[in-house]
Amino acid sequence: MKSFHFNRSARIIKRNEFVYLSNKGQKLKNEHFIAAVGPGRSNITRLGITVTKKIGCAATRNRIKRFTREYFRLNRHRIQGNWDINIIARQKASAISSKIAFSSLEKLFDDLAKESNYKEYIIDFY
RNA sequence: GGAGCAGGCCAUACGAUCGUCGGGUCAUUUAAGUGAUCCGGAGGAAAGUCCGAACACCAUAGAGCAGGGUGCUCCAUAACGUGGAGUCGCGGCAACGCGAAGGAAAGUGCAACAGAAAGUAUACCGCCGGCAGGAUUGGGCAGGCUUGAUGCCUGUCUGUUUUGCCGGUAAGGGUGAAACGGUGCGGUAAGAGCGCACCAGUUUUUCGGGUGACCGGAAAAGCUUUGUAAACCCCACCUGGUGCAAGACCAAAUAGGGAAAUGUUUGAGGGCUGCUCGUCCGAGUUUCCGGGUAGGUCGCAAGAGGUAACGGGCAACUGUUACCCAGAGAUGAAUGAUCGUAGUCCGGUUCAGAGUAAUCCGGACCGGAAACAGAAUUCGGCUUACGGACUGCUCCGGCC
RNA sequence: GUCCCCAUCGUCUAGCCCGGUCCAGGACACCGGCCUUUCACGCCGGCAACAGGGGUUCGAAUCCCCUUGGGGACG
């Protein structure tokens, strides 16, 4: 039985951590999103979402955040190990629908899963 | 059927699964936390931050000036720049809508270009009079010359015309957004509210209605006054400042540093408002160099609430009684996703009906979707964005 | 969140307070011509803007209101 819980402890909260990820994390791009990934500081994989004001009004930004959070909640188990992931929305995601968002995030998570598994292997190896 | 006006109303509903934030209870745990369960979890605009208040701090929130705001009247309200009812003006055929709507007869400023002249008088053209000069193949008179006569010359009077000067006028004048009441008659040298009649307006007095803005009427004064105050300003009224990042408490960390200037009752400096006064605190304060922390708790969710009846009021609103609710409280920031059913809207296809037709209405099927938009101390408004259905009303067209 | 400020040619700006002289001036850039063997410099000419809407006024870049966009301060 997989767990689909997602509460506050699985989120990136502090500003330092966001800055660290945007400076030093590895970045994966997509049409709608950017994922900045770095090794996790806590013992679980955590998610942070960045949606700037340029993307739209408050309702639009909240919608994007909810889509992203929902997808992460349901697909977290695909990523091995402890990582900090920051999903940054790009400007094309402003008028996105839920289905397109989910398919777009799926592609991104496919890449993420490959990368994470590979890195996990290397870390184990050493 | 079309076009339009006004008003309040709704903001998909229900079920299942997986989640999320707050609170209560239980379990576990030293505690933080974790898990289970129950309850609650966005809007009409939550938005813009344009007003008003509550609340907190600044002295208890002080005085004067400055500054800012409002601006027809009465009422409502905790308050308002808001609302209601009216007045006046403007727009619309109408339903109805809009109006920063006090004062230009307190003062100052401005009115480009054009035009004679732009606000108080002036006089460029024009019209008229007087004086002086010129012209005159208009007319009269006198004198002279000459002749047969007509005639010619000079002077003078009058007329016409013209030039200059002085004066009178404001009827008329390419302009301009705007030109000093309008029309007619009289009057005059020419003209003019110069006089008169009617009309329009203003001021003063007065009568009636209205709480009032104002409305209706009468009389008098020839009084005719340009526009602009969303230009300065005057008048009336309101207004202390800062905003929950207000503010209160707890904890952590480093340092109780160095240099310069100034000051200690003859008072530095600071707070209260921009200035002055007044008042309070008062032994440190300011600048530079160097270093450190930026976490948590409270504020923070229970009434200027809603509905109904009765009473007051045209209404906004308000008094009493009864009932209904206890109704979000996050802080990298919760209220979501998927599926199903029903319903609404939009688009397409098809069938039937009305009609010459455009088109309209109804049924079925398929596809799509909800428009604007997300609490951040809390309320009352305003403004802006936007989907839908309903009710009432107005105008136009057609048929009976 | 609370409170402020700004918007003018492609870019940087003047004009705004106190309305008309402004179909908005200047510099750089761009285009064309002259000069030069050619390029540059220089000279001449041209193109090009008042964020959007409404109001006040005879008249608005300027005054007032609303909206849009951008920027800043505050623990």
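Convention: sequence-line order gives letters A, B, ...; per-chain numbering from 1. Being a predicted model, the structure only gives us computed values, none of them experimental.
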Hey, what are the protein-to-nucleotides 370-377 of chain B N/O distances that come in under 3.5 Å?
from: B/rG374; atom 1: OP2; to: A/A58; atom 2: N; distance (Å): 3.3
from: B/rG374; atom 1: OP2; to: A/A59; atom 2: N; distance (Å): 3.2
from: B/rG374; atom 1: O6; to: A/R66; atom 2: NH1; distance (Å): 3.2

Suppose you measure atom P in B/rC310 against the same atom in B/rA315; what distance do you get, rounded to whole Å? 14 Å

Given that both distances must come in under 3.5 Å, which nucleotide forms a Watson-Crick or G-U wobble pair with B/rU120? none

Between B/rG102 and B/rG71 - P atom distance, rounded Å: 10 Å

Paired to B/rU297 by Watson-Crick or G-U wobble criteria (both distances under 3.5 Å) is B/rA248

Rounded to the nearest Å, what distance is computed from the CG atom of residue A/N75 to the P atom of nucleotide B/rC18? 17 Å

Any heavy-atom pair between the side chains of A/I88 and A/K27 that's under 4.5 Å? no

Work out how far the C1' atom of B/rA190 is from that of B/rA221, and round it to whole angstrom. 30 Å

Considering only the P atoms, how many Å lie between B/rG8 and B/rU87, rounded to the nearest integer? 22 Å

With a 4.5 Å cut-off on side-chain heavy atoms, are A/F33 and A/T68 touching? yes

Could you tell me which nucleotide pairs with B/rC110 by Watson-Crick or G-U wobble geometry, both distances under 3.5 Å, or answer none if nothing does? B/rG227

Would you mind reading off the distance between A/Y71 atom OH and B/rG19 atom C1', rounded to a whole angstrom? 16 Å

Which base, if any, makes a Watson-Crick or G-U wobble pair with B/rG347, both distances under 3.5 Å? B/rC366

Starting from P on B/rG368, measure out to CD1 on A/I100 and report it in whole angstrom. 13 Å

Should A/Y71 and A/E106 count as side-chain neighbours, where that means a heavy-atom distance under 4.5 Å? yes

Any strand, both distances under 3.5 Å, Watson-Crick or G-U wobble: B/rG99 pairs with B/rC88

Checking contacts here: which listed nucleotide (B/rA337, B/rA334, B/rG332) is nearest the side-chain heavy atoms of A/F102? B/rA337

With syn defined as a glycosidic torsion within 90 degrees of 0 and anti otherwise, which applies to B/rG44? syn

How long is the line joining CZ of A/F72 and C1' of B/rU20, in whole Å? 15 Å

Between A/V51 and A/F67, which has a closest nucleotide on RNA chain B that is more 5'? A/V51

Integer angstrom distance from the P of B/rA179 to that of B/rA118: 15 Å

Any strand counts, and the cut-off is 3.5 Å on both contacts for Watson-Crick or G-U wobble. Which nucleotide pairs with B/rU161? B/rG134

How many Å lie between NZ on A/K65 and P on B/rU331, as a whole number? 13 Å

Given the P atoms of C/rA73 and C/rA60, what is the spacing between them in whole Å? 39 Å

For the student: nearest non-hydrogen atoms of A/I100 and A/H32, plus distance: CG2-NE2, 3.8 Å

With both distances under 3.5 angstrom, what nucleotide forms a Watson-Crick or G-U wobble pair with B/rC393? B/rG4

Report the distance from atom CD of A/E70 to atom P of B/rC18, rounded to the nearest whole Å. 13 Å

Pair partner, B/rC400 [Watson-Crick or wobble, under 3.5 Å]: none

What form does the base of B/rG193 take, syn (within 90° of 0) or anti? syn

What donor-acceptor contacts under 3.5 angstrom involve side-chain atoms of residues 57-67 of chain A, with partners at least two apart or in another chain?
from: A/R61; atom 1: NE; to: A/G56; atom 2: O; distance (Å): 3.1

Would you say a side-chain N or O of A/R73 is under 4.0 Å from OP1 or OP2 of B/rG336? no

Within a strict 4.5 Å, meaning less than it, do heavy atoms of the A/N86 and A/I34 side chains meet? no

